Amino acid sequence: MDQSNPSVSSSDRYAWLSAEVSPIAVHDREPALDKKASVKGQAFSRCIGKPDAGAFVRLRLEIIVALFSAAIGVAATANGVAAQPAETTPLQLEAKIPLGNVHGRIDHMAVDLKRQRVFVAELGNKSSGIVYLANRKLLHRIAGLKRPQGVGYEPSADLLYVANAADGSVRLFEGNEYKPAGQIELGSDADNVRVDTAANRLFIGYGSGALAIIDAATLSKIGDVPLKAHPEGFQIDPDTSRIFVNVPEAHGIAVVDRSSQKQVGKWPTPGRGANFPMAVDSARRQLLVIFRNPAELGAFSMADGKLVGTAETCGDADDLFVDAKRGRIYVSCGAGFLDVLEAKGMANPRIAHIPTASGARTSLFVPELDRLLLAVRTSTAEPAAIWVFRPVP
């Protein structure tokens, strides 16, 4: 285990944010000429008139790049989004942070802002990776877990919570060197973790239908909220006492009251299924939910649960975030795309459809760092890594 405790000064605390990915230069272009004919003529003379192999290669590269760009444009148009030059894409790939020898599915992530560390639930690898964002390197790995699905960092006690699907346990680790700090037994299929900082509590979905309530002070379970089926993505409404829970096997969205610790409502979702990711759009008072069948976003009024708008999205989505600063919505999909939608009125039109990697369906948007982190699993095309995207402008 890496015993170091990297300290970050005020001058370099967010120095990593300024790093840019250098564009790949195909070749140095010739100065612009007045007429297309003269461009073709000079290019031809460079290749034919003189035995200049370099010029011939450059000309062939120009043709290949042009054809490749056209193919991208056709594919983007076929997906309902106009092709965009890389420099105008609303999410710019800034870095790839290798996760090392990690195999299998990667699930959700959490962040320790003070230390600039990201925790990764490496479900298939039965481990949790800790990435140090300041130098963009893997800092440590917690091994011997039981198919970890959810992670949550609770700052008041400086503890990492890891929810394990295989044995239903929630394992606790101290927040600096990640030594074991306790274990809470939930029974089965411990899943998503949400931290209620204001109330000093955590909520963890588990089993055949419940939210466990954990007291961050005593490190113990103090209650359960029964549900009709296993909870998937859920969100705490910061402006009320409600928690909204995706319960796909019960074909709806459960509304839970935190104070009474009871389900107080259900919003049905007829004609739609597999509702997994969820986000709260506080500015518009909308609950945003992604369905996998069909692949679309549903916007629900938080006042009465009515569906007020839909928008097509990429397939196999597992995470969804609102960028309140820009009025955008980010969706990460196992189909190998990031979708960017505009949060506008009752509509959420898609404005970008960005290729990533197959199976990369979990992500984490960190507004404080203004970065979207995408978990990419090992494949024949890509090693396991965290891809860092910078929103623009």
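A quick note: this is a predicted structure, and the numbers were derived from the prediction, not measured. For reference, positions follow the sequence shown, starting with 1.
- Asp224 meets the side chain to side chain contact (heavy atoms under 4.5 Å, CB included) test with Tyr206, Ala210, Ala212, Lys221; sequence neighbours excluded.
- The residues Arg377 and Glu122 are annotated as not salt-bridged, no charged nitrogen and carboxylate oxygen being separated by less than 4.0 angstrom.
- Side-chain atoms of Asp339 come within 3.5 Å of backbone atoms of Cys314 as a donor-acceptor pair (strictly under, hydrogens ignored).
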Worksheet item: His103 and Asn125: side-chain hydrogen bond (donor to acceptor under 3.5 Å, both in side chains), yes or no, with the steps?
Response: CA-CA 5 Å; His103 298 282; Asn125 206 57; 5.9 Å; no

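- Both tests pass for Arg194 against the ring of Phe234: distance under 6.0 Å to the centre and angle within 45° of the axis.
- Checking side-chain atoms of Arg171 against main-chain N and O of Leu160 turns up no donor-acceptor pair under 3.5 Å.
- Remark: the backbone N or O of Asp237 is paired with a side-chain donor or acceptor of Arg258 at under 3.5 angstrom.
- Side-chain atoms of Lys266 come within 3.5 Å of backbone atoms of Ala250 as a donor-acceptor pair (strictly under, hydrogens ignored).
- In this structure, the ring-ring contact (aromatic ring centres under 6.0 Å, His included) partners of Phe365, at least two apart in sequence or on a different chain, are Tyr330.
- A salt bridge links Arg371 with Glu94; the closest basic N to acidic carboxylate O contact falls under 4.0 Å.
- Although no hydrogens or angles enter the test, the distance criterion places no donor-acceptor pair under 3.5 Å between the side chain of Asp319 and the main chain of Thr362.
- Taking the charged nitrogens against the carboxylate oxygens, Asp316 and Arg292 do have a contact shorter than 4.0 Å, which makes a salt bridge.
- Side-chain N or O atoms of Glu174 include one that pairs as donor or acceptor with a backbone N or O of Asn176 at under 3.5 Å.
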